[in-house]
Number of protein chains: 2
Amino acid sequence: MRIQDLEYYLSLAELGSFSQVSKKFQVSQPTISLAMQRLEKELNTELIWRDPGHQKLALTHPGQILLKHAKKIVAQYQQAEDEIQKEAEQKLVLGLSEIVDFAYFPSIEEHLSDHFFTHLRKETVNAETALEQLQKGQFDALLITGSLPIEEKLTIIDIPHPPLHLSAGKPLPDFQLSFVYQKDSLENSDLALILEELQGAIASAQAKDFALISKSE
Amino acid sequence: MRIQDLEYYLSLAELGSFSQVSKKFQVSQPTISLAMQRLEKELNTELIWRDPGHQKLALTHPGQILLKHAKKIVAQYQQAEDEIQKEAEQKLVLGLSEIVDFAYFPSIEEHLSDHFFTHLRKETVNAETALEQLQKGQFDALLITGSLPIEEKLTIIDIPHPPLHLSAGKPLPDFQLSFVYQKDSLENSDLALILEELQGAIASAQAKDFALISKSE
DNA sequence: GAACATTACGGTTCGCGTAAGTATA
DNA sequence: TATACTTACGCGAACCGTAATGTTC
């Protein structure tokens, strides 16, 4: 059973015409026919009185039962979509360069509360354009490598870290690991708390956990 | 979005293992993997923390939101299935021979209330085996053609009807149209009322409406 | 190596649009 | 004839199982 088919069905019950439903959803008329046939086949019952004599079609009794439930199902699904969407929008977005994401972040992660992840989403970011995207507001904070230009509006915190090794055993050249956010972003107090916890987690992690990282190189 | 995928998801949240879910639903393990990937793709979010280190997997925050709604959606759907199924079982089943179904029943139908169809389902039946099936309880009443043997347990009512013509214009040989039900079925008073309405509808129809039928031969 | 999940691949099914068919007014 | 639905058909996507690959213990 596809929820899409139920949406067609609700619309059909409301509009009373296959062709109008097809227009509403921008699909062909046969698409609606077939969707309704799928429903009837899956539920093994007639749902719609296709009375060609009269203009209007009517729902059978099982059709009315389905209508009642389909409304709730579709509403519930849309609500799920909405809530998930909103939840994603409200989250802090932490930009990580690829190397940071796989080599350092796992250690930091352990020091963040579950509740914290309720409000934070991480996303990998191209190191080249990261600062620009931060200032555009596409990210709320960054954890990236490479030396950064000093900018008045940004807070940049250097994070001590052990060297990384490749599998050959040769250490990669040393580089800087930085935590960056816009100074004025702390005007939002929720955000300030979150950033504080993130900083705290990095501070807690650096002592011992970063050492563990080298095992996975 | 397929409701099947949501059922997998609920089960996964409960059992905590892809392979156990696949066993429960008798599908292969990759089927579950792919179903979960479909959900994540459609909702454009991560739902499941695939933490290979630990035994258990965990739901992300959006995953928990989906879980809450998925429970309701699946329950609602199953309830719809149940109600429709039960509704079908509770209905009176009226057996019609093929010729009756297309030539006579439409006229009778008009005299039956909408509410009546809530409790009656019609089904075509092979005239040869109809009586036998009636006595087995597979039908509650019959509207069939042909001469019938008199049986003690059956009530047989002859229905007057106009002759039928084929398109060539030649009338078919005359035949008997009978309404049949088991005498003891009237012990159920609901059933008695329904049968009474059906008899009434046939009586109302025969006066003029049966005449209309010949137009469609 | 054992257990578990993901990825790859081939075959079948499914869903859609176009076009043709059917039925009604 | 015009309108509305269904059926037929062909193409592309989706789904599933088997098999191969990865990963962790």
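The sequence lines fix the lettering, A, B, ..., with proteins before strands; numbering per chain opens at 1. Heavy-atom basis, side chains included; hydrogens, waters and symmetry copies ignored.
Between the Q85(B) side chain and the A80(B) main chain, no donor and acceptor come within less than 3.5 Å of each other. Without hydrogens or angle criteria, Y9(A) side chain to G63(A) main chain gives a donor-acceptor distance under 3.5 Å.
In this structure, a donor-acceptor pair under 3.5 Å is present between the side chains of H69(B) and E83(A).
Residue S33(B) is classed as a base contact, given a heavy-atom separation below 4.0 Å to a base. When heavy atoms are screened at a 4.0 angstrom cut-off, S19(A) is found touching the sugar-phosphate backbone but no base atom. If you check every strand for non-hydrogen atoms under 4.0 Å, S28(B) touches a base.
Taking atom CG on L34(A) and atom P on dC5(D), their separation rounds to 13 Å, with Å as the unit. Here dA14(D) presents its P atom at 15 Å from CE of M1(B), a figure rounded to the nearest Å. In this entry the distance linking CE of M36(B) with P of dC16(D) reads 10 Å, nearest Å. Rounded to whole Å, the distance from OH on Y8(B) to C1' on dC16(D) is 9 Å. The nearest whole Å value for the distance from the CG atom in L39(A) to the P atom in dC14(C) is 15 Å. When rounded to the nearest whole Å, the span between CG of L47(A) and C1' of dC5(D) equals 16 Å. Per the geometry, CZ belonging to R2(A) stands 18 Å off P belonging to dT13(C), to the nearest Å. Between the P atom of dA23(C) and the CG atom of L57(A) lies a distance of 19 Å, rounded to the nearest Å.
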### Message
Between S19(B) and S22(B), does the side-chain hydrogen bond (donor to acceptor under 3.5 Å, both in side chains) criterion hold? Intermediate values first, please.
### Response
CA-CA 5 Å; S19(B) 44; S22(B) 72; 5.7 Å; no

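Pairing each heavy atom of G95(B) with each of V125(B), the nearest pair is C-CG1, 3.8 Å.
One finds a side-chain N or O of Q29(B) lying less than 4.0 angstrom from the OP1 or OP2 phosphate oxygen of dA5(C). Regarding contacts with the backbone of dC5(D), every side-chain N or O of Q37(A) stays at 4.0 angstrom or more from both OP1 and OP2. Using a 4.0 Å cut-off, no side-chain N or O of R38(B) falls inside it from OP1 or OP2 of dA13(D). In this structure, Q4(B) does not reach the dC15(D) phosphate: none of its side-chain N or O atoms is under 4.0 Å from OP1 or OP2.
Two residues, D5(A) and P30(B), neighbour DNA chain C, and the one matched to the more 5' nucleotide by heavy-atom proximity is P30(B).
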